[in-house]
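We number each residue from 1, following the sequence as shown.
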Amino acid sequence: MMGIVLLLASCSKDHTDTPLITFEPVEPSNVGITVSPADPIDFATYSGSRVQLFNASVVGIEGAEALYDAEITNEDGSMSIALEVDQNLCVSTEELENAVISLYGRRPVARTIPVNVIGMIDVNGTVIVSTGSTTLTATPKGPVIEDAYYITGSINGWNNSDTTYELNNGGDDPYENPVFTVLIPESVVTGDFEFKVTPKSGLGGDWSKCLTASDTDGKFATDNAGENLKVKYIEGAKFYRLTFNMLEQTWSAVGLSFGDFYYEIGNESGWGTSHALYGPANDGKFTGFYYLDGEFKFKPNADNWDDDLEYVSGTNTSGTLKRDGGSNCPDPGAGFYKIDLDVGVLHYTLTKIESVSIIGGFNDWSGDVEMTYNIDEGCWEVTTDQVSGEYLFRANHDFSINWGGDLNGLTQHGNFLSITEGTHTFKLYLSYNGAHKVIIQ
């Protein structure tokens, strides 16, 4: 095999520095390139500004060189990112690292990455284009982030096995959403408190991996290297929300005092109506039932957008949130939903209400009279002569979500309703516990 491997110069020249060499006539069909992997790269330890992407040589003509273009792709080849390759087969380290993260994420594990190469060879004024493929082994830079962490401190007797106060990120990939939160109730806080953060792998007595205080305010240290983390008592706080960004290694604590309501607002009303979610326990957990159609968000006030909560990551029916400046929550698909919002840990979940029906003693509690959602009136309705005696409304043919009690203030697990025989039209308006109502005609 003829040719030379283009490895000899340092990785600092641009491929436009040296003109192409021309040669005696050869058969173009015999000229091409071969490519092979370069050395693996670990971005956590590599310090050069440029790094070799692949090895290559020209075959079919002695002493020829080529100019190269290259791209890396994701695992199945459905996405690619082009990289500017110099004459020494090197690319910008920063650009390569960003491309790897874009295609594969930040998790610090070695990735085998497809590399597609185009070589352009000038033979006596004729440019011959040849392609080849190889792989690159690269490891993104990032700390090890576990799936869950736990508060171990004065609030739980420094019990390293206790999982009561779990920091979590809503179940997301921790390298896509590295922000973990936990809500500490005021009832267990008697004043200033101290703690460490125990990773899941350290539960049961291993303190070596704990997160602790660092010398920089708002930052934390790993591997149990510092003093205890400390939170000052906050007058009037009902909860303390602790937030840790495991990628940036920062943390914060804020005092919270929740009201009775939060609000959903979105495309379903042309962003014009605030729908109340009710949280009677004042623990930051709010629930409501509304029709959704398009993107939406949450906010603490019905009449303004101050401190609104917007989407970070998740799925179309659940996700993590942050205050101000993010994206709208994604469209879950037009339909009626139970909305659960936990402001304490900044997370929401939607449960699709596929059906609402009436069930009762009139059919021995073994069947349902189905209702239909009227989008224009915003209610579930049915006209029927089947319902008499005791009855309840329920969702998805399951008693886990049901409504009874006062016709003008229906509640979850409320008392049985009752009606005399006859033909009746039921219009059920669902919103939040104690405000649901049914109009019977």
Side-chain angles (χ1 to χ4, degrees), residues 147-148 165-174 176-185 238-245 254 256-269 271-302 304-354 395-396 400-401 412 430-436:
D147 294 332
Y165 304 110
E166 179 183 352
L167 285 150
N168 71 80
N169 69 339
D172 294 339
D173 183 326
E176 298 302 324
N177 177 25
V179 179
F180 286 68
T181 59
V182 64
L183 209 61
I184 309 295
K238 299 299 183 184
F239 296 87
Y240 293 79
R241 181 169 61 222
L242 309 183
T243 302
F244 283 74
N245 187 315
V254 296
L256 301 172
S257 183
F258 299 108
D260 291 339
F261 293 98
Y262 238 79
Y263 299 88
E264 178 278 333
I265 189 168
N267 185 70
E268 75 282 344
S269 67
W271 301 91
T273 302
S274 297
H275 297 128
L277 311 175
Y278 186 38
N282 299 123
D283 59 357
K285 297 179 181 179
F286 301 86
T287 298
F289 294 80
Y290 296 101
Y291 183 82
L292 300 178
D293 184 9
E295 296 181 346
F296 63 97
K297 63 176 64 176
F298 300 100
K299 57 180 187 166
N301 306 304
N304 63 62
W305 296 89
D306 295 347
D307 296 322
D308 61 320
L309 301 180
E310 296 167 339
Y311 188 75
V312 177
S313 64
T315 69
N316 283 3
T317 55
S318 69
T320 51
L321 302 162
K322 69 176 182 179
R323 292 186 183 277
D324 296 322
S327 303
N328 297 328
C329 298
D331 180 6
F336 200 83
Y337 292 87
K338 176 177 181 275
I339 304 171
D340 289 297
L341 170 66
D342 191 334
V343 178
V345 296
L346 298 175
H347 187 267
Y348 78 95
T349 302
L350 305 179
T351 301
K352 182 100 180 261
I353 304 300
E354 302 284 1
N396 296 340
S400 62
I401 303 176
Q412 171 83 2
L430 297 174
S431 54
Y432 59 87
N433 208 39
H436 310 303

Taking the side chain as C-beta and beyond, is there a heavy-atom pair between [X] and [Y] under 4.5 Å?
X    : Y    : answer
V343 : F258 : yes
E268 : T273 : no
E295 : C329 : no
V179 : V312 : no
P178 : F244 : no
L292 : E264 : yes
Y337 : P332 : yes
K297 : I265 : yes

Check whether any side-chain N or O of [X] sits under 3.5 Å from a backbone N or O of [Y] as a donor-acceptor pair, and report yes or no.
X    : Y    : value
D331 : D293 : no
T181 : T243 : no
E354 : F336 : no
R323 : E310 : no

Full working for side-chain contact (heavy atoms from CB on, under 4.5 Å) between S257 and K238 | CA-CA 5 Å; S257 183; K238 299 299 183 184; 3.6 Å; yes
Can you give me the closest heavy-atom contact between [X] and [Y], atom names plus distance?
X    : Y    : result
S313 : N177 : OG-CB, 3.4 Å
L309 : L346 : CD2-CD2, 3.9 Å
Y165 : I184 : CD2-CD1, 3.7 Å
D147 : F180 : O-CE2, 3.4 Å
Q412 : S400 : NE2-O, 2.7 Å
F261 : A276 : CD2-CB, 3.9 Å

Nearest-0.5 Å distance that lies between atom [atom1] in [X] and atom [atom2] in [Y]:
X    : Y    : atom1 : atom2 : result
L277 : N433 : CG    : CG    : 12.5 Å
W305 : S274 : CH2   : OG    : 7.0 Å
D342 : T320 : CG    : OG1   : 12.5 Å
I401 : T351 : CD1   : OG1   : 6.0 Å

Where does the angle between the aromatic ring planes of F289 and H436 fall among parallel (under 30°), tilted (30 to 60°) and perpendicular (over 60°)?
->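 It falls in the perpendicular class, over 60°.
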Given F296, Y262, F286, the one that forms ring-ring contact (aromatic ring centres under 6.0 Å, His included) with Y348 |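 Per the ring-ring contact (aromatic ring centres under 6.0 Å, His included) rule, the option paired with Y348 is F296, out of F296, Y262, F286.
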Verdict with supporting geometry, T287 and K338, side-chain contact (heavy atoms from CB on, under 4.5 Å) = CA-CA 7 Å; T287 298; K338 176 177 181 275; 4.0 Å; yes
Any luck finding a side-chain donor-acceptor pair between N301 and N304 under 3.5 Å?
->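 Present: a donor and an acceptor within the cut-off.
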Can a donor-acceptor pair be found between the side chains of T349 and D340 at a distance below 3.5 Å?
->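 The answer is no; no qualifying pair exists.
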Just wondering, are more than 12 heavy atoms of other shown residues or ligands nearer than 6.0 Å to NZ in K352?
->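 Yes, NZ of K352 has more than 12 neighbouring heavy atoms, counting only those of other groups under 6.0 Å.
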Got more than 12 heavy atoms from elsewhere within 6.0 Å of NZ, K285?
->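 Open: at most 12 neighbouring heavy atoms sit under 6.0 Å from NZ of K285.
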How far apart are the C-alpha atoms of N282 and D260, what are their side-chain angles, what is the distance that settles it, and do they pass the side chain to side chain donor-acceptor pair (under 3.5 Å) test?
-> CA-CA 6 Å; N282 299 123; D260 291 339; 3.0 Å; yes
V182 and N168: side-chain contact (heavy atoms from CB on, under 4.5 Å), yes or no, with the steps?
-> CA-CA 7 Å; V182 64; N168 71 80; over 6 Å; no
Verdict with reasoning, Y311 to F298, per side-chain contact (heavy atoms from CB on, under 4.5 Å) | CA-CA 9 Å; Y311 188 75; F298 300 100; over 6 Å; no
